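Keep in mind that what you see is a predicted model, and the values were worked out from it rather than measured. Here is the naming used below: chain letters follow the sequence lines, and residue numbers restart at 1 for every chain.
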2 protein chains.
Amino acid sequence: MTRPSQPRTPVTTGREPGDLMTDHVSGDRMNGDRMSGDPVEEFMKRRKKATINDVASLAQVSKKTVSRVINNSPSVRGETRDLVNDIIARIGFRPDPQARGLAFRKSFLIGLIYDNPNAQYIVNMQMGALDGLRGSGNELVVHPCDWKGEDFLDEIRDFVELQRLSGVIILPPVAEDRNLLALLDELDVPFIRVTARSGDVNDPPIAGLQIVSVDRVGCEQAGEHLVELGHRRIAFIAGNSLYPSAHARRAGFEQGLAKHGLGFAPDLIEQGDYSFDSGFVAASKILSRVDRPTAIICCNDDMAAGAYKVAYELGLRVPDDLTIVGFDDAPIAARLNPALTTVRLPTRDMARTASEKLIGSDAKPGASVVFDSVLIVRGSSGPVPK
Amino acid sequence: MTRPSQPRTPVTTGREPGDLMTDHVSGDRMNGDRMSGDPVEEFMKRRKKATINDVASLAQVSKKTVSRVINNSPSVRGETRDLVNDIIARIGFRPDPQARGLAFRKSFLIGLIYDNPNAQYIVNMQMGALDGLRGSGNELVVHPCDWKGEDFLDEIRDFVELQRLSGVIILPPVAEDRNLLALLDELDVPFIRVTARSGDVNDPPIAGLQIVSVDRVGCEQAGEHLVELGHRRIAFIAGNSLYPSAHARRAGFEQGLAKHGLGFAPDLIEQGDYSFDSGFVAASKILSRVDRPTAIICCNDDMAAGAYKVAYELGLRVPDDLTIVGFDDAPIAARLNPALTTVRLPTRDMARTASEKLIGSDAKPGASVVFDSVLIVRGSSGPVPK
DNA sequence: TTACTTAATGACACCGGTTACCATATAAGC
DNA sequence: GCTTATATGGTAACCGGTGTCATTAAGTAA
């Protein structure tokens with residue numbers, strides 16, 4: 001535990017009068033000539049935020065060496081490193097992100113870019129992103145935006161450039177914007193997009209790591225589930241076609257039915273936009289027909305809630321008169337009566353993975369991490385009525 | 001538009017060779033001796049982020065003067081200011097928040113501190129906070145935390161101190177933590193708390209501006225509403241008593257009933273914690289009694305959803321057999337069948353006001369801005385059954 | 001006219017870290 | 001034993017802004 005024979009020249013050491021070191025040979029515990037024992041303790045009494053300079057002067061090395069220790073530079077002798085780390089721990093030094101950022105030209109801020117902030121999956125993903133960032137020294141800056149807005153791209157450019165973001169996470173549906181991806185590429189900021197694998201097996205490769213959900217799997221299960229319950233005349237409420245999830249889900253549901261030689265009733269396919277209201281409207285059309293279906297598949301839970309409302313108003317009982325299936329397993333799914341059969345996606349985990357990959361920077365462009373969806377059977381799906 | 005007679009000494013001007021100024025008297029448009037016209041245009045070709053130094057050299061003033069212009073210092077001559085502003089606009093200069101923050105010792109980041117990130121009001125308030133910050137040059141850093149956790153305070157201290165936050169917004173229920181408020185006070189960071197006025201008329205004064213909701217008003221209306229519908233035997237599911245809102249709401253409901261000489265059925269008061277599950281449990285107890293009430297008042301919508309579920313399972317029709325009332329007007333309120341009668345609070349506006357006040361810094365400690373709640377009557381409340 | 005203010009601006013150090021480059025000291029090669 | 005590699009640490013400049021103080025020119029009082 002003895003300190004190394006001091007390697008520094010005693011001349012022009014740049015010591016100020018206020019410095020805390022004893023002259024000459026020193027040694028850790030033999031400098032008790034002043035009553036106030038430890039220079040470190042002395043320092044702590046000042047109750048001021050420690051800087052790299054404090055560490056340097058207490059450890060009697062240059063700030064550059066401290067910097068090396070902080071950044072795990074290999075060219076620091078083990079003893080020196082231990083000494084510096086010890087001081088750092090004792091005075092509770094933590095490098096200032098602002099100063100560090102200024103020098104590094106990055107901010108240690110991760111931007112979370114998304115549209116429609118109300119959706120439940122956004123909330124989940126925000127939590128997940130925070131999960132992944134925790135303890136990493138990065139903070140999350142949320143940035144809802146108006147995709148499709150006039151100067152969407154300019155606004156993002158400003159945000160990323162001005163804040164010198166360390167990374168960006170893009171959530172659906174914004175994550176589909178090729179122009180945005182190109183912009184981020186141009187700005188040379190690491191980014192990760194969260195998206196749903198579309199129906200096409202081979203999407204064109206794209207910059208940045210992708211976190212991909214396979215909505216299809218759970219949907220397929222859901223489709224089969226309905227057929228097994230005996231349903232033959234099945235309606236469908238589609239999601240906003242700007243979302244790849246809308247296509248992936250539809251493809252999944254259809255494939256589930258197709259496995260048994262079935263498909264959606266062609267006259268009972270309605271376009272929705274993932275909103276409760278659109279679900280209500282679509283279900284109204286569907287259920288007002290004389291030969292109404294025995295089941296409705298909705299591209300998400302919110303639209304399913306709209307279908308519930310229509311059924312309620314028409315006096316149809318779920319699932320006795322009508323089976324309803326959703327997607328998301330949003331909180332509302334369990335709160336509907338009866339609880340909604342739906343498909344669950346690990347949205348929070350997906351976003352956590354996104355931020356972990358982002359800061360871990362093992363984000364090889366083009367690579368992707370895949371998450372599967374799974375069917376959750378609850379009370380809204382039942383055997384076809386006689 | 002002629003420039004002022006140059007006030008700077010021509011000696012030791014610190015000009016570097018690369019500088020763009022013409023010597024001597026100059027004059028704006030007579031320096032076309034080189035073919036490449038405008039120095040500004042020349043600069044723009046470089047496609048690099050402009051710094052204050054660029055502005056200074058193009059405007060031929062010191063960076064300090066540019067700084068003065070940026071910060072609206074009064075001691076800049078009008079013409080100089082115009083000149084500098086013109087250059088700034090033309091080259092699109094925007095001061096770097098990092099550098100600025102380093103010098104100012106603050107980060108232009110606003111921290112949003114909250115617990116239970118799932119609650120809908122948190123989502124609304126986050127949006128509101130962003131509304132208020134938009135265009136101000138501040139960004140929002142979200143920081144969910146484990147209130148009641150082991151080292152909650154230490155964690156907040158780290159966050160605020162390390163990031164040198166420009167301000168903090170605290171949402172319920174964390175906003176009730178006196179120790180937290182004291183800490184923020186000690187850290188000398190501006191903060192605003194969003195809270196519900198408790199039942200007491202005179203809460204002890206507290207540091208920081210408060211955004212206060214008056215939950216009571218709408219609850220009182222709700223209470224009266226039920227009495228007017230003929231209800232006499234009314235159950236109550238209380239909210240988490242750590243939240244002042246729980247007390248404020250209860251007081252409001254009770255006062256509404258009291259106006260007509262009524263009160264909750266003493267044997268039908270159950271404790272909930274604002275969660276769906278707790279609402280379900282509480283309502284189960286309430287509705288399993290032989291002399292069950294004709295109405296249940298729930299301290300929030302999520303617990304009301306729990307009550308709906310119990311009613312559904314027991315085969316009770318709402319509102320024919322049972323009236324249910326909630327609080328929050330969360331999205332689920334309109335999605336329940338029938339739609340839930342509830343009390344609405346302008347949560348988004350509250351948070352927007354919070355961030356506006358925070359950056360406007362007209363946040364006199366002790367002052368408060370008050371928002372009223374209002375009853376929203378929907379299908380879940382009906383006349384008492386015969 | 002001289003001296004004293006005041007307004008406007010600039011020079012320079014500083015915020016707290018970093019990189020680039022140079023200077024040692026020790027280890028290795030002949 | 002002396003020169004050359006290599007590890008280690010120091011110095012200065014820089015990132016892009018700010019504060020402090022000095023300086024200049026113009027305005028005013030004596």
Side-chain angles (χ1 to χ4, degrees), chain A residues 4-15 48-57 59-81 83-84 88 93-108 137 161-164, chain B residues 3-16 48-57 59-81 83-84 88 93-108 137 161-164:
Chain A
S5 62
Q6 74 257 23
R8 106 192 39 76
T9 68
V11 293
T12 65
T13 248
R15 257 187 265 167
K48 235 205 73 194
K49 224 180 111 178
T51 76
I52 197 174
N53 293 304
D54 300 321
V55 177
S57 92
Q60 303 187 36
V61 298
S62 75
K63 59 194 282 194
K64 177 59 209 174
T65 298
V66 178
S67 171
R68 286 200 180 89
V69 172
I70 295 172
N71 294 289
N72 292 312
S73 157
S75 66
V76 177
R77 191 155 28 102
E79 298 172 23
T80 308
R81 175 183 307 278
L83 168 65
V84 170
I88 287 178
F93 164 72
R94 300 183 60 184
D96 181 323
Q98 301 250 304
R100 205 130 178 274
L102 183 57
F104 270 138
R105 283 171 203 73
K106 67 174 199 175
S107 63
F108 304 100
E161 225 171 33
L162 191 62
Q163 299 297 331
R164 292 189 196 275
Chain B
R3 282 246 292 305
S5 59
Q6 75 255 23
R8 104 189 42 75
T9 67
V11 293
T12 66
T13 248
R15 253 188 269 167
E16 280 105 9
K48 237 206 73 193
K49 225 180 109 179
T51 75
I52 197 173
N53 293 305
D54 301 321
V55 177
S57 88
Q60 302 187 38
V61 298
S62 74
K63 57 195 283 195
K64 181 62 207 178
T65 297
V66 178
S67 170
R68 287 196 179 93
V69 172
I70 296 171
N71 294 289
N72 291 312
S73 159
S75 67
V76 177
R77 193 156 30 101
E79 298 170 24
T80 308
R81 175 183 308 277
L83 168 66
V84 170
I88 288 178
F93 164 73
R94 300 183 60 183
D96 181 323
Q98 301 250 305
R100 206 132 177 272
L102 182 58
F104 269 139
R105 281 171 205 74
K106 68 174 198 174
S107 63
F108 304 100
E161 225 170 33
L162 192 62
Q163 299 296 331
R164 294 191 195 274

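Contact annotation for B/V66: no contact, since no heavy-atom pair falls under 4.0 Å across all strands. Nucleic acid contact for A/R164: sugar-phosphate only, since backbone atoms but no base atoms lie under 4.0 Å from a heavy atom of the residue. The residue A/N71 sits close only to the backbone: its heavy atoms come under 4.0 Å of sugar-phosphate atoms, none of a base. Using a 4.0 Å heavy-atom criterion, one finds that B/T65 contacts the sugar-phosphate atoms exclusively.
Closest contact between the side chain of A/V61 and the listed nucleotides C/dT19, D/dG17, D/dG10 involves D/dG10.
Phosphate contact (OP1/OP2 of D/dG9, side-chain N/O of A/S75, threshold under 4.0 Å): absent. Residue B/S67 places none of its side-chain N or O atoms closer than 4.0 Å to OP1 or OP2 of D/dG17. Residue A/R77 places at least one side-chain N or O under 4.0 Å from the OP1 or OP2 atom of D/dG9.
For the pair B/S62 and A/D96, both in contact range of DNA chain C, the more 5′-proximal nearest nucleotide belongs to B/S62.
For B/K63 against C/dG10, no side-chain N or O and base N or O form a donor-acceptor pair under 3.5 Å. In terms of polar N and O atoms assigned as donor or acceptor, the side chain of B/R68 never comes within less than 3.5 Å of the base of D/dG19 in a complementary pairing.
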Test A/R81 against A/T65 for side-chain contact (heavy atoms from CB on, under 4.5 Å), laying out the working first.
-> CA-CA 9 Å; A/R81 175 183 307 278; A/T65 298; over 6 Å; no

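The terminal axes of the helix from C/dT1-D/dA30 to C/dC30-D/dG1, fitted over 5 pairs per end, subtend an angle of 50° to the nearest 10°.
Look at B/D54 and B/K48 and you find no salt bridge, because none of the NZ, NE, NH1 or NH2 atoms lies under 4.0 Å from a carboxylate O.
Only A/L102, A/A103, A/R105, listed by number, bring a heavy atom of residues 97-105 of chain A to less than 4.0 angstrom from any atom of DNA chain D.
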